[in-house]
Each structure stands twice: as structure tokens, then as C-alpha cells.
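Both ligands and their constituent atoms are indexed starting at 1 by order of listing. The chain is numbered in sequence order, starting from 1. This is a predicted model, so every value here is computed, not measured. Because only heavy atoms are used, hydrogens play no part in the values below, and waters and symmetry mates are left out as well, while side chains stay in.
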Amino acid sequence: MVSDRIADIWGTRTPHARDTPWPVRVDTHLDASLTERDVDRWVQSACVLCSNGCGCDIAVKDGRVVGVRGRAADRVNRGRLGPKGLYGSWQWSRTDRLTRPLVRDAGGELVESDWETAMGRVVERSRQLLATDAGALSHAFYTSGQLFLEEYYTLGVIGKAGLGTPHMDGNTRLCTATAAAALKESFGSDGQPGSYADIEATDAVFLFGHNMAETQTVLWARVLDRVHGPNPPRVVVVDPRTTKVAEAARATGGVHLAPLPGTNQALMNALVREVVHKGWVDKEYVAAHTLGFEELKATVEPYTPEHAADICRVPAADIRRAAEVFGTSERVLSTVLQGFFQSHQATAASCAVNNLHLLRGMLGRPGCGVLQMNGQPTAQNTRECGADGDLPGFRNWDNPEHVRQLADLWNVDPMTIPHWAPPTHAMQIWRYCEQGSIGLLWISGTNPAVSLPELARIRKILRQDSLFTVVQDGFLTETARHADVVLPAALWGEKQGTFTNADRTVHLSDKAVDPPGEARSDLDIWLDYARRMDFRDKDGAPLIPWSDPRGAFEAWKECTRGRPVDYTGLTYDKLRGGSGIPWPVNDGAPEGTERLYADADFPTRVDTCETYGHDLLTGGALSEQEYRAANPDGRAFLKSVAYVPPPEGPGEDYPFVLTTGRTAYHFHTRTKTGRSRQLRRAAPDVWVELSVNDAARLGVGEGDVVRVESRRGAVQAPARIGRGRGGVVFVPFHYGYWDRPAADGTSRAANELTMTEWDPVSKQPTFKAGAVRVTRIADATGPSPAPTTTASAPADPDGIPPTVGGPDADVHEHLRATAPPTPGAAGRPAPDATTSADETKG
Ligand SMILES: Nc1nc2c(c(=O)[nH]1)N[C@H]1C(S)=C(S)[C@@H](COP(=O)(O)OP(=O)(O)OC[C@H]3O[C@@H](n4cnc5c(=O)[nH]c(N)nc54)[C@H](O)[C@@H]3O)O[C@H]1N2
Ligand SMILES: Nc1nc2c(c(=O)[nH]1)N[C@H]1C(S)=C(S)[C@@H](COP(=O)(O)OP(=O)(O)OC[C@H]3O[C@@H](n4cnc5c(=O)[nH]c(N)nc54)[C@H](O)[C@@H]3O)O[C@H]1N2
Ligand code: SF4
Ligand SMILES: [Mo]
């Protein structure tokens, strides 16, 4: 069957009943005019355009990538791929890539150079700075959630044991820092409790600030296949916009709660209060496995549905109904993402979701998962490997024994490993750069000149003479244009490595083709730096003994031995041929682990836990003594806090609340998706979404150009008269300047508007609420460029052409008649003819 997957984002339905396996549907998209018979080789991989981590095979012809196909055997996607995976995962590979290192010449221009010169300059600056009083504190690394595990671990060892700098973080700070923080605060350690297979077993799906329909499209197809089958789950969503998820909530008899951005915590307190007041608490579970119930009860007591309704501006009856669905469903699966994570009480609100599950005893059983989601494909590994500043293997920087374990493993003095203070979070790293105490900032796999808040400030920092910036990317991004040295990176398909998705499933991605020109993998670049810097261990041997991905993976396995994030049972060979495998994988669980905490034994013991915890209001850290006194002993924490209003609310000068986010067709700053014909056509440019009533009051019609201004900057774009709640303006954050310079004097990046504020515990910036005003600037020349197939659908579709892909968007969907492997089996289904790795045309 052929389908236009721009017009039909989720593809053909394969409905099924509760507790039956999710059927297989294999999606294939090849370059126009090619068929599967033309493909020379299929190389095993997984998609890196979101945290879902769909297993796929890369089609290679004449040494080039010509398409992709979903892997039927994979537990994550059973063969499916979404629009980004199908059209966006590979077309960029033959466009304007960086092929040689660039350095600044005497005139200040970036010019092509060679590796010797470029690395020479990096090492020279590095040595110079290390010789100053600041020492290693002059060095900072700002990395990604999109590289491979082997690369992060290598970077982590360089930073912690080679240089000894605490200034290392990922763009994961903007992304999933709150997922990690909420898991640590509630359960003692990072690590996703739930499994995607919970979708097959659940009776209700709660999505907290998560537009899954657009941001994990294949996971949403999985939910839709239940929704369209017998005994469907009810969907409940908390989101100010009318997303496709919100439509499903209505259709399934669930609830769409559309709170004013910035008020999640008030709503969560009310939901928890209802569950407690109505007696829906599993008292035995709470008594045996949790701490803090009485405090929780007291904290939420003032939040009657009416009180929360007042703050959030939603009907009190809807809050009651949502609580009832949670309280009376046999099994509930919850997902949490940026609508919660990117707000000022992010960790508190996300912990409240954990609380609901703990109160109902809904963890570790089929259908009862919590997914504190990731966003980026490899964000989990950034966290696991310590490339976000944490210590590798979910170790606690405040626990001397954990530091000693690493010192032993790396054969270095424990004092080399920074652990005298918490690791420096990204927002603080940028502040130190601004103040001049950091002299070398090495940016890899992220584009902060578009993705950080308050862009005018970020540009100013990047231009500072006191800061030497290295940018490692596949493209000349907005950020790379500011760099002193640009290093051309090999990207997905051009290198080998592993990565882990949001439900702990580890995938191997093999190298399919050579990188362009002189581009090198991030691993090779960092190994080269380590060699040139001559980092040594205590005995004078090279600090990093490995020289390839497999060697790095084997070293990483040792680092995880005995930790909750145990990889010791995995090998590259084991990851080939079948499905990805969820960690922990070890002697006790050789085929992986579907769900954590089935035994309700949480990693909260003093010698195990990753943190001693924080005050959710202030972010103040608790001491080991305080933690010990609480005596958690394997029990989970019910942590809570009162609601406080967001740092910037609407007022007279700036009467609207701004929120920002995504569309289904683009990934972040579009370095990949903006180079795909089909995706670019589907969502060509920025727009501003206004509610029907707000637009009428402002005299704005569809497509009229409006100016959105905050205290920090302005964006100009055509308006979409959408279906969101009143008082809220939405701007997608995908559109920077690489493909359309701001020469006309207007800005189009949403982050011109956003502010430098963050959650006190996770330090994640608050991209989801700020105050703006909106002015009409010019008449429409046509409808706005917003897609019609998504949350940005127009309130009145009349006269607005629907978003379609056209002939070059054809995708083959192959529905399997044969029974798929049983879901829930963490092990590997037997590989079949269409999914074996690296199959050669013969
Ligand atoms: N198509 C696509 N998919 C992606 C990505 C992409 O760029 N494009 N990026 C990936 C990454 S890294 C991430 S982190 C994820 C993000 O995935 P999501 O979190 O699903 O995406 P967002 O659009 O950022 O935000 C989700 C929703 O939060 C809502 N929201 C805004 N303010 C509030 C609020 O105050 N409260 C509540 N409850 N909701 C609010 C928005 O209306 C929006 O619909 O997506 C991943 N998948
Ligand atoms: N206003 C607003 N801002 C936001 C958000 C929001 O919702 N609203 N969301 C935030 C979130 S959740 C995220 S995750 C960030 C994302 O923000 P960024 O990380 O800045 O976005 P990307 O465009 O994904 O940038 C990744 C870069 O890495 C490069 N790259 C890809 N693969 C590799 C590789 O293997 N090696 C190297 N060296 N480079 C590689 C790509 O070409 C690209 O330039 O944006 C954040 N900013
Ligand atoms: S759902 Fe995510 S991982 Fe799967 S194909 Fe789409 S972008 Fe790729
Ligand atoms: Mo993200």
C-alpha cells in the first residue's frame, strides 16, 4: 500500500485489542525512481530524529544513502517510521555539508583549513588556559543529546579525568534535565520505570504537556491503534493547545485540560488532592513503599478543584473528571514532556505525576508505566555517561565512594574528578562565558544560537573576544558562524555507535557510508584531542586506552557494572539482527528488562542513590545526614510543593502569554529536516498562532503579518488563526537564519523572545511561558505557512489548502499478515528475511 505520509502523518491503522500484540507494519521510503531491488545494502540502525528510537535499516546504493525502512523485529516500532524518519533522516547527507575544518584568518574570516592546523589551534589555546590560575575551570563543554554513547563516555572521561573540569553539560539541560531530576527526586536514580509496551496493556493514557502526536509520531500511532481497536483506553491531556492528542481525548471520552501556561503545579496539586480525598489511594503500597504521604496531603490540601480552576483557567469539573479517570482506571500510563519540563516548577510538577502513580500503586506492572520522556534520540546516554556533568553510571557526585569507584576504574587520583560542588549546569556555563571566567567553550552537536533562550544575549556572548569557541557539527550552523574553529563532524549513518531511547532500549547504529570530505566522527575528534593533550593515568599510561567505538562500549560496560544502568550483558553482536534491548542487561536479566521497580524496591539507599535530593521550591540540596535521617531504605519519595506564579506573567504592556514548541515536520533548528524537500514544503516558514477571539480583538486575519514582542526581542510572521485557548500565543522554535538571513530586518527565531529563567531543581530553562504583545503589521498575501494536519490546523479551514506531500512523498506500507513477536518480551524476536542486518544484494 502506498501512502502520502506528509498528509497522513501516522499512516494506516492496525487496530487491536488490549493485551494483544501491536501488529507489524513496515514503512519504506526510497529516493524517487528507486525500488528495493535497486538497493545494494541495508545497514542496521535506528532513527535519530527523536527519543522514540525507531529501529530502521539504511538503504545504500553506490556508496550513498538512498532511503530507509523500518525494522519489523524492533520492539519500539514494529516496522513503522514517521515523517521525519522517512523524509528527514537522510536527504541532508548530500547537501551543503562541512567537509574541511575552518579557522579564523587574520582578517577575522572563517576559512578552510586542515585538521593539523585546526586541532593545533585548539590544543594551543587549551594548554595556554590550563597554565593560567583558572586551570581546568577555564574549559567548558556544551554537548548534545544526538551523539552516540561511545562519544559521550569518551568526552566524559576527558572532562572529568583528563582535564578535571566541572563545566560540562548537554543541550539535554534544555530538553530532559527535568526527566532526570524528577526520576532522581522520586525514585533515587535516573532510569525510566515504564515501557512503551504499556500502551498495549493500559486503560488510560495521560499526557502531561506532551504533544506525542507530533513529537513521537510512531508512539502515537501505537496509541491510535489501541484507540481504534476494541476496549480502547481513554486519553487525558494537559496542554493549552488543541493538539491531535486533545482531539483524541475528546473522542475517547477522556479530558482535555488546557491550563494557562505556567500553572501546571496548581493543577497537579488539585489532581493529587482529588485522588486522596476520593479514597483512590492504594494504602498498602503507600505504607510499604513510600515516604512523605502526610506532608504531601498537607501540601495539596488548599488546592480544591475550584481553587486550581481559578489559577489555571480551566473548568473545575474537568479537573474532577481527569482525577476520576486516574483514580478509577485499572491501569494508567503517563507521559510527561516539555509542557511540564520547560517551566518554572518543572521538577515539582513532574514529581507530582510520579506521586499519582505511587499513590495508586501503579508502577512496574503492565499498563502502569510512567514515562518521564526524553526528547532527543540519545539524551539518555548524555545523562548515563556523565556528559551532562553528572558522574557516569548514575553515580552521586556527593558520595565519596562513588567518586572512588570512578577513580579506580580510570586509575586516577580521586581529587582529579570534580566533586567538590555540583556539576555546572548549561545556563551557568553560559553565564561564566559572559563573565569571562571560561575561555574555551567546545560546542558539539547543538546549535545554541537558535535554541537557547534570549538569543540577543547568546550572540553577544559568542562574539566576546575573551571566549574561544570550537564548534563541531555537520553543517555551517548559525552557531558555527561565530566559532573560532569549526570541526566537520561525521553524522548518523557515517559512523558506528549505540544509543538508548526513552524506554531504555539500546540500539546499535552501524556505519553505512563514508563521511563527506575530511569529516570525522565526534569520537575520533575527541580521541585525537586526548592524544594531542597526552592525558595520562596515575601510572603514566594513556588515560583513554580505546581507539574505536567497540572499545569505548566495552569500557562503558565496566563503568556500569553493579549500577542501576547496567549494560554488562550487551555486546554489539547481541544488538545486531533483531530488536533493540532495554537495559539493565546483565547476568540476572540477560535479555534485558521491560519495566523497572516491579518489586517496588527503589534505588534510594544511601550508598546507591544518585542524589540526596533537593527542596523542590528553592532547589536547595539536602545533605547526606538529612538523607540518612529520612532512612529511605528502598522506598520512593512523595515530594511536593505549593504552586508559585511564573517569573513573568501577562500584564498591561505585554498582555499575552507566549509559549513555544514544535511541529511534526521539523526537528529543532532544521539542519536535517530543512534539507528535505517534502518536510520543507510541509512547513516552510515560521508562523504565529492566535486564538479566534484574540485575533478578532486585534483585527488580525489569517496570514496577516504580526509582530510579537517581549521584553527581550521581537519576531515578525504571518498569523494562523488557530484553535488554542485565549490569551496564549504560540510560536514554533524551528526557524533560525541559516536558510533565510534576517536581512529584511525582522527576526523569526522564537528564542529572540524567551527569557533566561530556569527551574530551581533541574535548571531547565522555561521556554513555555513569558509575556508578549502582538501588533498587526501588514495585510496577508495568502494563508500562513502553518501546517493544517497538526495542532496548528486553522479554526476555519475554508480557503486554506490542506498540507499534502505530493508524488515524491510516496511511502510503501507493508502490513504483515503473520503474527508479530509477542510484545513485552524484552528478548530478541528471531530476525526475518527483511530485517537482517547488513544484508547484501545477491
Ligand atoms: N516533530 C518533532 N518531534 C520532536 C522534536 C522536534 O523538534 N520535532 N524534538 C524532540 C525533542 S528533543 C523533544 S524535547 C520533544 C518535545 O516534545 P513535546 O514536549 O511534545 O513538544 P513541544 O511542542 O515542545 O511541547 C509540548 C506541548 O506543550 C504544550 N505546552 C506549552 N506550555 C504549556 C504549559 O504551561 N503546560 C502544559 N501542560 N503544556 C504546555 C504545548 O502547547 C505543546 O503542545 O520532541 C522530540 N520530537
Ligand atoms: N523556544 C524554545 N526553545 C527550545 C525548545 C523549545 O521547546 N522552545 N526546546 C529545547 C529542546 S527540548 C532542545 S532538545 C533544543 C534543541 O536545540 P539544538 O540542539 O540546538 O537543535 P538541533 O537543531 O538539533 O542542533 C543539533 C546540531 O547538531 C548537529 N548534529 C547532528 N548530529 C551530529 C553528530 O553526530 N555530531 C555532531 N558533531 N553534530 C551533530 C546538527 O547538524 C545540529 O546543528 O532546543 C531547545 N530550545
Ligand atoms: S518517531 Fe522519532 S525515532 Fe521514530 S521515525 Fe519518527 S522521528 Fe524517527
Ligand atoms: Mo529536547
Original post:
Among protein heavy atoms, which sits nearest to atom 10 (C) of ligand 2, and what does the distance come to when rounded to 0.1 Å?
Top reply: Gln342 NE2, 3.4 Å
Original post:
Which pair of heavy atoms, one from Pro453 and one from Ile458, lies closest together, and at what distance?
Top reply: O-CG1, 3.6 Å
**OP:** For Thr505 and Asn501, indicate whether the former's side chain and the latter's backbone hold a donor-acceptor pair under 3.5 Å.
**Re:** no
**OP:** Would you mind finding which of Thr215, Leu174, Leu337, Thr663 brings a heavy atom closest to atom 1 (N) of ligand 1?
**Re:** Thr663
Subject >> Pick from Asp239, Thr673, Leu49: the one approaching atom 27 (C) of ligand 1 most closely through a non-hydrogen atom >> reply: Asp239
**OP:** Pick whichever of Arg241, Gln265, Met268, His666 has a heavy atom sitting closest to atom 8 (N) of ligand 1.
**Re:** His666
Original post:
Honestly, is Arg675 close enough over Phe475, meaning NZ or CZ under 6.0 Å from the six-membered ring centre and within 45° of the axis?
Top reply: yes
Subject >> Within reach of ligand 1, part of Asn211 (heavy-atom separation under 4.0 Å) >> reply: both
**OP:** For ligand 1, note which part of Thr243 has a heavy atom under 4.0 Å away: side chain, backbone, both or neither.
**Re:** side chain
Original post:
Which residue owns the protein heavy atom closest to atom 13 (C) of ligand 2, what's the atom, and how far is it?
Top reply: Arg662 NH2, 3.8 Å
Subject >> Those atoms of ligand 2 less than 4.0 Å from some heavy atom in Phe475 >> reply: 42 (O)
Original post:
How many angstroms lie between CH2 in Trp22 and CG in Asp225, if you round to the nearest 0.5 Å?
Top reply: 6.5 Å
Original post:
Is the ring centre of His344 less than 6.0 Å from the ring centre of Trp758?
Top reply: no
Subject >> Nearest heavy-atom neighbours spanning Asp528 and Met119 >> reply: OD2-CG, 3.4 Å
**OP:** Go through ligand 2 atom by atom and flag the ones less than 4.0 Å from a non-hydrogen atom of Thr669.
**Re:** 21 (O), 22 (P), 23 (O)
**OP:** Pull out every atom of ligand 1 sitting under 4.0 Å from any heavy atom of Pro261, numbered as shown with elements.
**Re:** 34 (C), 35 (O)
Subject >> Ligand-side contact atoms (ligand 2) for residue partner Cys175, heavy atom cut-off under 4.0 Å >> reply: 12 (S), 14 (S)
Original post:
Taking Asp27 as the fixed residue, which of Arg80, Arg5, His812, Arg69 is the one that meets the side chain to side chain donor-acceptor pair (under 3.5 Å) rule?
Top reply: Arg5
Subject >> Rounded distance (nearest 0.5 Å) linking atom OG1 of Thr673 with atom OH of Tyr665 >> reply: 12.5 Å
**OP:** Give a yes/no on ligand 2: does Pro453 have at least one heavy atom closer than 4.0 angstrom to it?
**Re:** no
Original post:
Ignoring water, what protein N, O or S atoms are under 2.8 Å from atom 4 (Fe) of ligand 3?
Top reply: Cys54 SG
Subject >> Minimum non-hydrogen distance to atom 16 (C) of ligand 2, winning option of His668, Gln146, Gln376 >> reply: His668
Subject >> Option of least heavy-atom distance to atom 17 (O) of ligand 2 (set: Gly339, Pro377, Ser451, Ser521) >> reply: Ser451
Original post:
Centre of Tyr196's six-membered ring, under 6.0 Å away, within 45 degrees of the axis: is that where NZ or CZ of Arg75 sits?
Top reply: no
Original post:
If we only count N/O pairs under 3.5 Å, is Asp522 in contact with ligand 2?
Top reply: yes
Original post:
To which of Leu257, Ile9, Thr659, Thr217 does the heavy atom nearest atom 31 (C) of ligand 1 belong?
Top reply: Thr659
**OP:** Answer side chain, backbone, both or neither: which part of Lys84 comes under 4.0 Å from ligand 1, heavy atoms only.
**Re:** side chain
Original post:
Considering Asn264, Thr766, Thr263, which one's heavy-atom position lies nearest to atom 36 (N) of ligand 1?
Top reply: Asn264
Subject >> Identity and distance of the protein heavy atom lying nearest atom 29 (C) of ligand 2 >> reply: Asp473 OD2, 3.1 Å
Original post:
Which atoms form the tightest heavy-atom contact between Ser691 and Gly724, and what is the distance?
Top reply: CB-O, 3.5 Å
Original post:
Does any N/O atom on Gln338 come nearer than 3.5 Å to any N/O atom on ligand 2?
Top reply: no
Subject >> Option with minimal heavy-atom separation from atom 32 (N) of ligand 2, where the choices are Thr754, Leu753, Leu491 >> reply: Leu491
Original post:
Which bit of Phe767 is near ligand 1, meaning a heavy atom under 4.0 Å away: side chain, backbone, both or neither?
Top reply: neither
**OP:** Calculate, to the nearest 0.5 Å, the distance between atoms CD and OG1 belonging to Glu214 and Thr790 respectively.
**Re:** 4.0 Å
Original post:
Do Arg173's NZ or CZ and the ring of Trp430 fall within the cation-pi criteria of under 6.0 Å and 45°?
Top reply: no
Subject >> Reported OG1-to-CD distance for the pair Thr215 and Gln338, which is rounded to 0.5 angstrom >> reply: 8.5 Å
Subject >> Atoms of ligand 2 close to Thr477 [distance to a heavy atom under 4.0 angstrom, numbered from 1] >> reply: 44 (O)
Original post:
What's the verdict on side-chain contact (heavy atoms from CB on, under 4.5 Å) for Arg457 and Thr756, showing C-alpha distance, side-chain angles and the deciding distance?
Top reply: CA-CA 9 Å; Arg457 170 176 176 257; Thr756 309; 3.7 Å; yes
Original post:
If every non-hydrogen atom of Pro259 is compared with every non-hydrogen atom of Asn264, which pair is closest and at what distance?
Top reply: CG-OD1, 4.2 Å
**OP:** List the closest protein heavy-atom neighbour of atom 19 (O) of ligand 2: residue, atom name, distance to the nearest 0.1 Å.
**Re:** Asn171 ND2, 2.6 Å
Subject >> Heavy-atom gap Phe341 to ligand 2 smaller than 4.0 Å >> reply: no
Original post:
Closest heavy-atom contact between Ala379 and Thr176?
Top reply: CB-OG1, 3.7 Å
Subject >> Counterpart residues, ring-ring contact (aromatic ring centres under 6.0 Å, His included), relative to Phe341 (two or more places apart) >> reply: none
Original post:
Considering only heavy atoms, which of Gly724, Pro240, Gly209 lies nearest to atom 33 (C) of ligand 1?
Top reply: Pro240
**OP:** Using a 4.0 Å heavy-atom cut-off, say whether Asn751 meets ligand 2 through its side chain, its backbone, both or neither.
**Re:** side chain
Original post:
By number and element, which atoms of ligand 2 are closer than 4.0 Å to a non-hydrogen atom of Phe667?
Top reply: 24 (O)
Original post:
For ligand 1, which atoms, with element, lie under 4.0 Å from some heavy atom of Ala664?
Top reply: 1 (N)
Original post:
Between His734 and ligand 1, which residue portion shows a heavy-atom distance shorter than 4.0 Å: side chain, backbone, both, or neither?
Top reply: side chain
Original post:
Roughly how far, to the nearest 0.5 Å, is the OG atom of Ser3 from the CZ atom of Arg25?
Top reply: 7.5 Å
**OP:** Any atoms of ligand 2 less than 4.0 Å from a non-hydrogen atom of Lys768? List them with their elements.
**Re:** 7 (O)
Subject >> Thr671 N/O under 3.5 Å from ligand 2 N/O >> reply: yes
Original post:
Against heavy atoms of Ala490, which atoms of ligand 2 measure under 4.0 Å?
Top reply: 35 (O)
Original post:
If we ignore angles and hydrogens, is there a donor and acceptor under 3.5 Å between the side chains of Gln496 and Glu150?
Top reply: no
Subject >> Ala683 versus Thr663, closest heavy-atom pair with distance >> reply: CB-CG2, 4.3 Å
Original post:
Taking the six-membered ring of Trp115 as reference, does the NZ or CZ atom of Arg520 fall below 6.0 Å from its centre and within a 45° cone about the axis?
Top reply: yes
Original post:
Any idea which protein heavy atom is nearest atom 26 (C) of ligand 2, and the distance to it?
Top reply: Gly445 O, 3.3 Å
**OP:** Please identify which atoms of ligand 2 are closer than 4.0 Å to at least one heavy atom of Lys495.
**Re:** 34 (C), 35 (O), 36 (N)
